[in-house]
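See below for the structure under consideration.
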Protein chains: 2
Amino acid sequence: MVKDTKTALLDSAEAAARRVGFDGFSYADLAQDVGIRKASIHHHFPSKATLSGALMARYARRMEAACADIDAARGTGGARLKALVQLYRAALGDGTQLCLCVAFSISRDHLSADTLREVTQFRGITLQWLQTVFALGGSDGSIHAVQDTQIEAASTLALLEGAQLAARTQHDLGRFDMAVSLLEKRISS
Amino acid sequence: MVKDTKTALLDSAEAAARRVGFDGFSYADLAQDVGIRKASIHHHFPSKATLSGALMARYARRMEAACADIDAARGTGGARLKALVQLYRAALGDGTQLCLCVAFSISRDHLSADTLREVTQFRGITLQWLQTVFALGGSDGSIHAVQDTQIEAASTLALLEGAQLAARTQHDLGRFDMAVSLLEKRISS
DNA sequence: GTCTATATTCAGATAGAC
DNA sequence: GTCTATCTGAATATAGAC
C-alpha cells in the first residue's frame, strides 16, 4: 500500500520539525523529500500555519493512543512509567530528533493560536496520564517514595524533555540514559 | 556610560535567540532594536555564524563567572544548588525566554562548528560544576541521598532545562517551580 | 563606523493550465 | 491533484560613499 501524499507530507514535515525546528525547514525541503513541486503542497496545506496545526494534532492523537496502549499492556505503575521513558528515548531516533512538542516550544512565537492550543493539549494529556501512573505506582508499590502526584508528573515530564535536549545536543543517546537513570532506580523490577 | 554598538547588538541578539531561537530573528530585527541599519551590523559580525559564536562564547564565560560567584557566596552544596536553580529560574525572565543553550539546541543544525563547540563547552562547565556541588552537598549533609555525582549532575541539568521548557511553553513560571520542587525538597535549609 | 544602494537567494503563497 | 510560472517580501551579504 502506497502512502497518500498528505500523509507523506505530514511525515516529512514532522521529521524536519523535530530535527531543525519549525522555522528550520521550508516547503521546498518538503517538496524535494516527497517528490512533488512546492506549489502542490499548498493544495494540502494552504499555509505553513495550517501544516503546523495538523502536525501537532496528529502528534497529540498518537500520544493518546500510545498511552492507552501502555495501559493495556502493563499492569503496574512502574512498568507503565518505564514504558513512557522508553517512548521518549525512542523518539530521539539516532539522536538527531526531538519530541515535536519540545521542538515547537522554541518556535512557539511563530505558531498559530490553533497550534499552540494543540501543544498545550498534548502537555495536558501527558501530565494527566503521568499523574495516574504515579498514583498507581505509589499504591501498588512499584514506584518508590511517591509524593504529590501532580509534582511527580511535572518533574518527570521536565526530566524526560530535558534528557532529550541533552542527548540531542551531543547526538549521544547515552546522555538521555544517564539523565533518566535516577528516575528508573525508583522503579522496582 | 553608553553601551557600545557591539555590546548592544550582542544583547539584542541574545534576547531574540532566547525568545524565538537562532533561526527566528534576522539582522533587520536587530537593526531596528539597536537603532542602526542592518548593513552596519556586518561591520561587527560579518556573518550570522560569527554572531552565533560570539553569543555563545559570551554566554559560557558568564556562566563560569556566575558559578564562581555562587561558590564564593555560599558555603554548602545545598545552598549552591539552590542558587543555581534560582539562576535558571531568573533566566526565564517573564516566562518568554530560555537559556541560550536550550534555544541553540533546537537550531543546532544551522550553527557553525565553532558555535557547537561553545555549546558543548557550556554544558561541560555546568555539569562539572554540578558534580562538585553534589559531592560537597553529600559530604556536608545539605543535600539528601546523594548518589553517583555524575548521574546527579546529568539529571539535574536535564530537570532544569526541561523545567524551563515547561514554563516557557505556557508562559507560566509556576510550571518551573513545580517541576523543580522535588529537587529542592532534597536540600536542607 | 555607519550609511545608501544593491545583489542574490530563498521564503511562503497565488493564478491558472492540464 | 499536480504542474509551470510568477508575485511579493524578506533573508544574508557586499560595494563603495561619507
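Letters A, B, ... are given to chains in the order of the sequence lines, protein chains preceding strands, and every chain is numbered from 1. Just so you know, these numbers use all the heavy atoms, side chains as well, and skip hydrogens, waters and symmetry mates.
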(request) Classify the side-chain pair B/Asp140/B/Ser142 by whether it contains a donor and acceptor separated by less than 3.5 Å. (result) yes
(message) Within residues 36-52 of chain B, which residues have any heavy atom lying less than 4.0 Å from an atom of DNA chain C?
(response)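 By residue number: B/Ile36, B/Arg37, B/Ala39, B/Ser40, B/His43, B/His44.
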(request) List in numerical order all residues of residues 11-28 of chain A for which some heavy atom is under 4.0 Å away from an atom belonging to DNA chain C. (result) A/Phe25, A/Ser26, A/Tyr27, A/Ala28
(request) Would you please test B/Leu100 and B/Met56 for side chain to side chain contact (heavy atoms under 4.5 Å, CB included) and show each step? (result) CA-CA 7 Å; B/Leu100 187 63; B/Met56 200 62 222; 3.9 Å; yes
(message) To the closest 0.5 Å, what do you measure between NE2 (A/His171) and CD (A/Gln97)?
(response) 10.0 Å
(message) Going 5' to 3' along DNA chain D, which are the first and last nucleotides with any atom under 4.0 Å from a heavy atom of chain A?
(response) D/dG1 to D/dA5
With sequence neighbours excluded, tell me which residues meet side chain to side chain donor-acceptor pair (under 3.5 Å) with [X].
X        : value
A/Asp29  : A/Ser26
A/Arg58  : A/Asp11, A/Glu14
A/Gln147 : B/Lys185

(request) Check whether any side-chain heavy atom of A/Phe134 lies under 4.5 Å from a side-chain heavy atom of A/Gln150, and answer yes or no. (result)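 When only atoms from C-beta onward are counted, A/Gln150 and A/Phe134 do not touch, as no gap falls below 4.5 Å.
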(message) Would you say that B/Val34 contacts B/Ile41 through its side chain, given a criterion of any heavy-atom pair below 4.5 Å between the two side chains?
(response)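 With C-beta onward as the side chain, the pair stays apart.
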(request) Spell out, as yes or no, whether a donor-acceptor pair under 3.5 Å connects the side chain of B/Arg18 to the backbone of B/Leu98. (result) yes
(request) Assign the ring pair B/His42 / B/Tyr27 to parallel, tilted or perpendicular, where the plane angle (0 to 90°) is split at 30° and 60°. (result) tilted
